[in-house]
There are 2 protein chains.
Amino acid sequence: MSKRPKKSPKQPLVEQSGPTFPAGLNQIPLLQILSAQDRQKVLGEMTETRYGKGQYIFREGDPTEYFHIVKEGSVKCVKSSLDGKECTLKVLMPGDLFCCDASAFDGASHPGTAQPMGDVSVLRMKKEAYFKMLRGNPDAAMEVIRYLGNRLNEAQEKAKVLALDRADQRLASLLVNLAERSGVQEPNGIRVSVRLTRQDMANMVGVTTETAIRIMARFKKERLVSGTAARLVVRDLPKLRLLAST
Amino acid sequence: MSKRPKKSPKQPLVEQSGPTFPAGLNQIPLLQILSAQDRQKVLGEMTETRYGKGQYIFREGDPTEYFHIVKEGSVKCVKSSLDGKECTLKVLMPGDLFCCDASAFDGASHPGTAQPMGDVSVLRMKKEAYFKMLRGNPDAAMEVIRYLGNRLNEAQEKAKVLALDRADQRLASLLVNLAERSGVQEPNGIRVSVRLTRQDMANMVGVTTETAIRIMARFKKERLVSGTAARLVVRDLPKLRLLAST
DNA sequence: CTCAAAACATGACAATAGTCATGTTTTATT
DNA sequence: AATAAAACATGACTATTGTCATGTTTTGAG
């Protein structure tokens, strides 16, 4: 819920074009479903692009031309209101698809902004090629349906939390999700592998930065979490889970 | 956000089994996409069921066995928190699909409750038959992808509104949506064709019933709306739209 | 290493929305 | 038409969260 509009990006996008063959393409369910030859074909049609801090993958209102897959790093999906407040709807991780949906049809424009969180690498493909691929691969189409259904459930669960829970409960839910979905076990707890400032967390649960700071300070005092931003550790998952659903 | 748990339903479901041929099957994009013979086949595999007030189509936690289409009337998708508060995530209208998604896979259970709003008629189909149909009909699969994508965008827009807007703005958004999506032009405004009490509206925007009543009273005084429940009329759509995004 | 920017922190106060209590009106049902 | 149940309404008070101001600490770029 930050009010200060973000500075616009300075550098042009660093682009590494051409067919992408090797590397960490495991982790991507959609590609693994394809037969070896279909996968080669699809990879030949995809371009890998890297983005860094301060850049945008695309912005709210831009025309929709590509289907995307996160290959490395995290990408946040953000929407803004007219008065400059913004909220983060989803953090995409490697293997996540975006613009695999309706916005990609109908010649519409992007309903939100996609922003890298640190350095990321994204695969993308012209939407026409993507649709053709889906039509020719029932397995791929079913995988996309499964994926979108999961995203829809997730989004609805998020709406429920926003509608019914207090700020501290929403933050607790967020921490539980992060620990479960991107947590790394450590001696003193579960470290969240994505760099998240209090402001980021605030934007994810619909509160002001000050409120997020105050609640996190309380959580820290109660030994539920420790650390900030790059070194955020969940120390008591059960208690947080309890708080989230009380 | 009602706290009083709803009374459980008394009557068993009224069921009208067997193949469903005629009637208002226009309005259903997914069926219209199919070839005449595929459509006949699918209709032969679908069962029409009617539900009335106080009944449930399915409840949160029930096992997922069927794919559903709303044929007549409106269905609300509801989630509850442990302490009995509930929120309405979506009102489904004729042509809307539900359980077309991931929850239907994985042998999972329903993430929310589906409740008729007044009398409704629903078509349903065993999920195995549904999946088989999708695999054999790329056009149908693409339509479901398109549909799910739209639902996801809608859910994310809803999350944004819940995260960033005040109660009166959220209610204004709701009224704008209702007027646009189920509105009937009338001499003094746009009547909302779904019966909606203040409590229903409260559950849709994540406020208490009292707050919804107070805000609606204010809107009435300002001539933005008139009427209650069965006769809710939006009198000044532009002003509401403005308020929603201010 | 330096220094500016970003992130974190905290207090005082204001605005918003929830809670509880109570009463009236409307709506269905017999 | 009678009557019980829902829905609508309103006041008084409380809890939660936002706003604004100000200061400290941490981080990252040069």
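All figures in this text were calculated on a predicted structure; none of them were measured in a lab.
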Is B/Arg214 side chain donor-acceptor paired with the C/dT19 base, going by distance under 3.5 Å alone?
->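 A donor-acceptor contact between them is present.
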
Value in whole Å for how far the [atom2] atom of [N] lies from [atom1] of [X]:
| X | N | atom1 | atom2 | value |
| --- | --- | --- | --- | --- |
| A/Glu210 | C/dA12 | CD | C1' | 13 Å |
| B/Arg170 | C/dG18 | CZ | P | 7 Å |
| B/Asp168 | C/dA15 | CG | P | 15 Å |
| A/Asp165 | C/dA17 | CG | P | 17 Å |
| B/Met216 | C/dA17 | CE | C1' | 17 Å |
| A/Leu164 | D/dT16 | CG | P | 16 Å |
| A/Ile213 | D/dT25 | CD1 | C1' | 12 Å |
| B/Lys220 | D/dT10 | NZ | C1' | 14 Å |

Discussion item. Other residues, nucleotides and ligands only: do more than 12 of their heavy atoms fall within 6.0 Å of CZ on A/Arg223?
Written reply: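 Not more than 12 within 6.0 Å, no.
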
Pairwise 5' ranking along DNA chain D for A/Ile215 and B/Leu196, keeping only the more 5' one:
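Whichever sits nearer the 5' end wins; that is B/Leu196.
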
Quick check on DNA chain D: between A/Thr228 and A/Arg166, whose nearest nucleotide comes earlier from the 5' end?
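That would be A/Arg166.
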
*Under 3.5 Å side-chain donor-acceptor pair for A/Glu48 and A/Ser121*: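 Short answer, yes.
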
- Query: Does a side chain donor of either A/Asp96 or A/Tyr147 reach within less than 3.5 Å of an acceptor in the other side chain?
  - Reply: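 There is such a pair (donor and acceptor under 3.5 Å, judged by atom type) between the side chains of A/Asp96 and A/Tyr147.
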
Q) When we call it a touch if two heavy atoms are under 4.0 Å apart, what does B/Ala230 touch: a base, just sugar-phosphate, or nothing? A)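 Nothing, no heavy atom under 4.0 Å.
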
Under 4.0 Å between any heavy atoms, over every strand shown, what does B/Arg195 touch: base, sugar-phosphate, or nothing? Just pick one.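 Sugar-phosphate: the residue B/Arg195, judged by heavy atoms under 4.0 Å, touches backbone atoms but no base.
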
Base-pair string, DNA chain D, Watson-Crick plus G-U, cut-off 3.5 Å on both distances, | for inter-strand, is ||||||||||||||||||||||||||||||

Side chain of [X] (C-beta onward), nearest among [options]:
| X | options | value |
| --- | --- | --- |
| A/Gln199 | C/dA9, C/dA7, D/dA7 | C/dA7 |
| A/Arg198 | C/dC8, D/dA7, D/dA9 | C/dC8 |
| B/Thr208 | C/dG18, D/dG18, D/dT10 | C/dG18 |

- Is the phosphate of D/dG18, meaning OP1 or OP2, less than 4.0 Å from a side-chain N or O of A/Thr211?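 Looking at the OP1 and OP2 atoms of D/dG18, one of them is under 4.0 Å from a side-chain N or O of A/Thr211.
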
Could you check whether [X] pairs with [Y] (Lys NZ or Arg NE/NH1/NH2 to Asp/Glu carboxylate O, under 4.0 Å)?
| X | Y | result |
| --- | --- | --- |
| B/Glu154 | B/Lys90 | yes |
| A/Arg218 | A/Glu222 | yes |
| A/Arg231 | A/Glu186 | yes |
| A/Arg195 | A/Asp200 | no |

